[in-house]
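Indexing begins at 1, ligand by ligand and atom by atom, following the structure's order.
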Amino acid sequence: MIVPKEMIEKYKQQGYHFIGNAAVVKPCHWLKASLLSKGEKHCYKQKFYGIPSHRCLQMSPTITCTQQCLYCWRVQESDLKINQSEKVELKYEDPEKIVLKSILKQRQILSGLKGNKKVDRLMLEEAFRPIHAAISLVGEPTMYPWIGELISAFFSHGFKTVFLVTNGTMPNILSKLETEPSQLYVSLSAPNEEIYRKVCRPKIKDGWKRLHETLELLHSFSCPTVIRITLVKKLNMCNAEEYAKIISKAEPTYVEPKAAMSLGGFRWRLPTNYMPKFEEVKQFGKKIADYCGYKIIDESLNSRIVLLSRLERAIKLI
Ligand code: SF4
């Protein structure tokens with residue numbers, strides 16, 4: 001896989017830490033917020049599933065993707081006036097190396113908080129030993145050739161949970177995954193193909209068809225499954241009934257309608273007011289839930305997300 005050299009530089013400027021030239025680590029806002037508030041503030045994954053925000057390692061084994069979603073935080077080639085002559089060949093690191101180096105990078109990043117009086121010492125020590133891997137930062141992780149081995153390597157290094165987030169365009173890889181994650185996320189960012197093409201701008205011809213093949217695979221997973229709907233005003237917050245039909249067929253354990261956040265690349269492509277408010281997410285989530293027989297079982301105002309399920313409450317994983 002070849003990418004413009006400038007793209008890698010842009011990632012670095014945005015605070016991504018590279019392992020080799022394809023994998024990246026970047027602590028999310030909530031990790032530091034949790035440490036600086038002595039655990040008062042945390043991400044929705046802590047509220048819904050018991051994942052401690054200060055022990056989460058957010059990474060991706062590749063910065064490349066099959067889509068160019070308008071709302072994505074990722075630097076995309078079309079965002080930049082790039083000197084196309086300077087190209088770099090991406091070299092994928094092996095899973096073991098990625099896990100070990102991700103932990104080291106996370107420690108380096110957090111070491112700046114040592115001595116900060118707002119941070120609880122015990123919590124910081126725990127943060128140095130992450131127990132949750134979110135393979136979801138940027139890029140499509142199933143493009144990485146050893147994704148099953150990567151999940152397995154995280155578990156063998158003591159991680160209690162591993163979440164894998166995919167855009168669903170690589171069903172052939174998911175159908176052969178040797179090790180399941182603790183929870184599998186598939187993004188569904190449109191209720192139909194026309195909106196999918198407009199919002200996700202797939203680089204492959206049959207992205208929508210592949211996404212549906214992935215959704216058909218959800219029944220074959222024994223871990224909890226999630227359909228993530230990233231909502232953008234004026235683009236994909238419509239046709240709730242169509243979303244519901246897709247959900248009814250795939251029967252995920254959860255559906256997470258969530259506001260697209262105006263961060264990173266989003267800000268270059270879309271006006272800030274395209275980011276829906278929490279109440280708007282909740283109303284739209286309720287519409288979807290009503291159509292497909294799911295219920296709102298939890299919510300997080302700060303993350304602008306609601307959790308839909310047929311379960312009474314979410315399964316705590318930690
Ligand atoms: S699928 Fe994910 S990483 Fe790829 S462009 Fe869309 S939001 Fe970004």
Check: Is the distance from atom 8 (Fe) of ligand 1 to the nearest N/O/S atom of Cys72 under 2.8 Å?
Finding: yes
Check: Between Tyr16 and Val138, which heavy-atom pair has the shortest distance, and what is it?
Finding: OH-CG1, 3.5 Å
Notebook entry, point to check: Glu140: heavy atom below 4.0 Å from ligand 1, yes or no?
Noted result: no
Note to self: Are Pro171 and Glu216 packed together at the side-chain level, in the sense that at least one heavy-atom pair is separated by less than 4.5 angstrom?
What the structure shows: no
Check: How about atom 6 (Fe) of ligand 1: does it have a protein heavy atom within less than 4.0 Å?
Finding: yes
Next item on the list: Report the part of Arg74 in contact with ligand 1, treating N, CA, C, O as backbone and CB onward as side chain, heavy atoms under 4.0 Å; options are side chain, backbone, both, neither.
Entry: side chain
Next item on the list: Considering heavy atoms of the protein only, find what lies nearest to atom 4 (Fe) of ligand 1 and give residue, atom and distance to 0.1 Å.
Entry: Cys65 SG, 2.2 Å
Notebook entry, point to check: Among Phe163, Phe159, Phe154, whose ring-ring contact (aromatic ring centres under 6.0 Å, His included) with His132 holds?
Noted result: Phe163
Next item on the list: May I ask whether Leu104 and Val99 are part of the same hydrophobic cluster, defined by side-chain heavy atoms of I, L, V, M, F, W, Y residues being less than 4.5 angstrom apart, directly or through others?
Entry: no
Check: Going by heavy atoms in the side chains, are Ile227 and Leu215 under 4.5 Å from each other?
Finding: yes
Checklist line | Heavy atom of the protein closest to atom 3 (S) of ligand 1 (residue, atom name, distance) | finding: Gly139 N, 3.2 Å
